[in-house]
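First the structure, in the form of C-alpha cells, and then the observations on it.
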Amino acid sequence: MVLLVTRIGSYGTPYFVSVVEEGGFTRAAARLHLAQPGLSAQIRQLEKELGQPLLDRSGGSVTLTEVGGAVLPYARAALAAVDSVRQTVDAYTGLLRGRVRLGLVSGATGHAFDIAGLLADFHDAHPSVEVALTEDATERMQAALLAGELDIAVLGTADEVPPPGVTFQMVIDVPLVAAVAPSDPLLDRVDGTSVPLADLRDRPLICLPRGTGVRAALERGCAQAGFRPRITFEAAAPHVLSRLATRRLGIAVLPAGEDEAPLDGQLRALRIVEPEMRARIALAWQTNGPSSPAARVLLERLRDAVPKPSDSWTT
C-alpha cells in the first residue's frame, strides 16, 4: 500500500485523472496543454510503475480497467492533498490559485449580469486561477453541482426553489412576453398589453432550446393550458429569436426586456398571462459551498455583482 500511494503521488497522476474526467486522450491533452503522444507516454509510465494497466484503450473509447477504477479514488485524494498543501502555503502568502469550474446556460452571458466582465476582473485580480467555463443545459449543470463536477453555475430555471443540496440566488426574474411583428393577425384580437397563453395555441413559436429556464416555463405553462407548444425555430441567443420574429417566421417567446433596444420597435411585446410565466436565471452552488478557496472567492464576487431588485429588468 505504501508503494501504491507513493506511485500514485508521482507526476503521472494528474494525467491519469484528466484522461478519466475528459473521457479520452484528445480532450485531456487539450486541457493539459500537452501533445497527445506526450500524454500517452506519461500514462504508460505510470502503468509501468504500478505494474498494471489502468485504462482500457481497446474499442472506440477509453475506459477504466478494474485496477484503474480501484486506483482512481486514491489518485484524486493524492491530487486533493497536493492542492491542500498549496492552499495552506498560499494562505500565508496571500496568493490565490487553482482551478474553478463554472457552468453557464445558453443565453446567460448577456443581461445586466455581465459574466464576461466579471471573469475578466477576477482574472486581473487573480491571474494564477484558471477558470474552466462550460455551457450546458440546466438539468445537467444541477447534477454536476451535486456531483462536485462544477463549483458554480449560472442556470435558467422555471422554479424559485432549488433542488435539495443546491442553493440559488436569483439573477433575473421577469415575465415572459410574446414578441409579435406589427402585421401579425394576433394583434387584431388583443386588447391591451397582454395575451392569454391559449391564444398562442397552434401558432408557430420561436423559443430558446430545451434545457433552458424559458423553455421549461413555456412548456409547463402550455401543459397547464392543455396544449403543447408548436416550436418552429429555436436558438440559444434571445436576440436571434427576436430577429426571426421580425421576419415573420413566428412569435418569439422571450424574457421581458429582450425584445427592446436592438429592434427599435419592430416588435410589439405582449405579456403572456393565464397563466403568467416567468424567466429566471439563478446563480447556483452546492449548499455547503465550493470546496476550493478560489471557487469561494469567485462565488463571493459573483454574488456581490447580482443586480439588486431596483437594478433588475422592469416588466
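What you see below is based on every heavy atom in this structure, not just the backbone, and it leaves out hydrogens, waters and symmetry mates. Residue numbers start at 1 and run along the sequence shown. Not measured: the values here are computed from a predicted model.
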Practice prompt. Look at the side chain of Thr193 and the backbone N and O of Leu270, then say whether any donor-acceptor pair between them is shorter than 3.5 Å.
Written response: no

Discussion item. Are the side chains of Leu72 and Phe16 in contact, using a 4.5 Å heavy-atom criterion?
Written reply: yes

Worksheet item: Within a strict 4.5 Å, meaning less than it, do heavy atoms of the Met277 and Leu218 side chains meet?
Response: yes

Discussion item. Just to verify, which of Arg203, Arg268, Arg248 counts as forming a side chain to side chain donor-acceptor pair (under 3.5 Å) with Asp184?
Written reply: Arg203

Practice prompt. Specify the closest pair of heavy atoms between Leu197 and Pro275, including all atoms of both residues, with the distance to one decimal.
Written response: CD2-CD, 3.9 Å

Worksheet item: Just wondering, more than 12 heavy atoms not from Glu21 lying within 6.0 Å of its CD?
Response: yes

Worksheet item: After noting the C-alpha distance and the side-chain angles of Gln52 and Glu47, does the key distance pass the side-chain contact (heavy atoms from CB on, under 4.5 Å) rule?
Response: CA-CA 6 Å; Gln52 291 289 334; Glu47 290 175 325; over 6 Å; no

Discussion item. What I'd like to find out is whether the side chain of Glu234 reaches to under 4.5 Å of the side chain of Pro209, using heavy atoms alone.
Written reply: yes

Practice prompt. Specify the closest pair of heavy atoms between Thr157 and Ala282, including all atoms of both residues, with the distance to one decimal.
Written response: CG2-CB, 4.3 Å

Item to complete: Would you check if the side chain of Arg99 reaches a backbone N or O of Glu130 as a donor-acceptor pair within less than 3.5 Å?
Response: no

Worksheet entry | Closest heavy-atom pair and its distance - Ala181, Ala245 | CB-O, 3.9 Å

Response to the item:
Rounded to the nearest 0.5 angstrom, the CG-CG distance for Leu186 and Leu200 is 6.5 Å

Worksheet entry | side-chain contact (heavy atoms from CB on, under 4.5 Å) between Tyr15 and Leu34, worked out | CA-CA 10 Å; Tyr15 304 122; Leu34 287 176; 3.2 Å; yes

Worksheet item: In Å and rounded to the nearest 0.5 Å, what is the CG to CZ distance from Leu298 to Arg303?
Response: 12.5 Å

Discussion item. With a 3.5 Å distance limit and no angle check, can you tell me whether Arg201 reaches the backbone of Arg230 through a side-chain donor-acceptor pair?
Written reply: no

Worksheet entry | From CZ (Arg243) to CD1 (Ile206), nearest 0.5 Å | 13.0 Å

Worksheet item: In Å, rounded to the nearest 0.5 Å, how long is the span from CG of Leu50 to NZ of Lys48?
Response: 12.5 Å

Discussion item. I'd like to know if the side chain of Thr65 reaches the main chain of Pro53, judged simply by a donor and an acceptor atom lying under 3.5 Å from each other, with no hydrogens or angles considered.
Written reply: yes

Practice prompt. Identify the two heavy atoms, one from Ser242 and one from Leu254, that lie closest to each other, and give their separation to 0.1 Å.
Written response: OG-CD1, 3.2 Å

Worksheet entry | Stepwise side-chain hydrogen bond (donor to acceptor under 3.5 Å, both in side chains) check, Thr134 with Asp136 | CA-CA 6 Å; Thr134 59; Asp136 208 342; over 6 Å; no

Discussion item. If you apply the rule side-chain contact (heavy atoms from CB on, under 4.5 Å), what do you find for Leu55 with Val20, and how did you get there?
Written reply: CA-CA 9 Å; Leu55 299 170; Val20 173; 4.1 Å; yes

Item to complete: Could you pull out the closest heavy-atom pair between Phe168 and Pro163, with the gap in Å?
Response: CZ-CD, 4.2 Å

Item to complete: State, yes or no, whether a side-chain contact exists between Gln286 and Thr167 at a heavy-atom distance under 4.5 Å.
Response: no

Item to complete: Could you check Arg101 against Glu149 for salt bridge (charged side-chain N to carboxylate O under 4.0 Å, His left out), going step by step and ending with a plain yes or no?
Response: CA-CA 7 Å; Arg101 299 157 300 176; Glu149 297 167 359; over 6 Å; no

Worksheet item: Is there a side-chain contact between Leu205 and Thr232 (heavy atoms, below 4.5 Å)?
Response: no

Worksheet item: Quick one: do Val253 and Val273 end up in the same hydrophobic cluster if we chain Ile, Leu, Val, Met, Phe, Trp and Tyr together by side-chain heavy atoms under 4.5 Å apart?
Response: no

Discussion item. Quick test of your reading of the model: are Glu219 and Arg215 salt-bridged, counting only N-O distances below 4.0 Å?
Written reply: yes

Discussion item. On a heavy-atom basis, which atom in Ala29 and which in Leu39 lie closest, and how many Å separate them?
Written reply: N-CD2, 3.6 Å

Worksheet item: Would the number of heavy atoms belonging to other residues, nucleotides or ligands and lying under 6.0 Å from CZ of Arg189 be above 12?
Response: yes

Discussion item. I need the Leu133 CG to Leu119 CG distance, nearest 0.5 Å.
Written reply: 6.5 Å

Worksheet item: Are the side chain of Thr138 and the backbone N or O of Gly156 linked by a donor-acceptor pair below 3.5 Å?
Response: yes

Worksheet entry | Pair Thr26-Gln36, side-chain donor/acceptor within less than 3.5 Å | yes

Discussion item. Counting only heavy atoms not in Glu300 (residues, nucleotides, ligands), do more than 12 fall under 6.0 Å from its CD?
Written reply: no

Worksheet item: Can we say Arg271 and Glu276 salt-bridge, meaning some charged N sits less than 4.0 Å from an Asp/Glu carboxylate O?
Response: yes

Worksheet entry | Inter-residue atom distance Arg140.CZ - Leu145.CG, 0.5 Å rounding | 13.5 Å

Item to complete: For the pair Glu22 (side chain) and Val17 (backbone), establish whether a donor and an acceptor sit closer than 3.5 Å, ignoring hydrogens and angles.
Response: no

Item to complete: Find out whether Leu150 and Trp285 are in side-chain contact, i.e. whether some heavy atom of one side chain is under 4.5 Å from a heavy atom of the other.
Response: no

Discussion item. Quick one: does any side-chain atom of Gln266 pair with a main-chain N or O of Thr246 as donor and acceptor, under 3.5 Å?
Written reply: no

Fill in: Contact check, side chains of Leu176 and Val214, non-hydrogen atoms, under 4.5 Å
yes

Worksheet item: Would you find a donor on one side and an acceptor on the other, under 3.5 Å apart, between the side chain of Arg57 and the backbone of Val62?
Response: no

Item to complete: Spell out, as yes or no, whether a donor-acceptor pair under 3.5 Å connects the side chain of Asp159 to the backbone of Val161.
Response: no

Worksheet item: Step by step, would you call Leu283 with Leu299 a side-chain contact (heavy atoms from CB on, under 4.5 Å)?
Response: CA-CA 9 Å; Leu283 183 64; Leu299 176 60; 4.0 Å; yes

Practice prompt. State, yes or no, whether a side-chain contact exists between Leu54 and Ile43 at a heavy-atom distance under 4.5 Å.
Written response: no

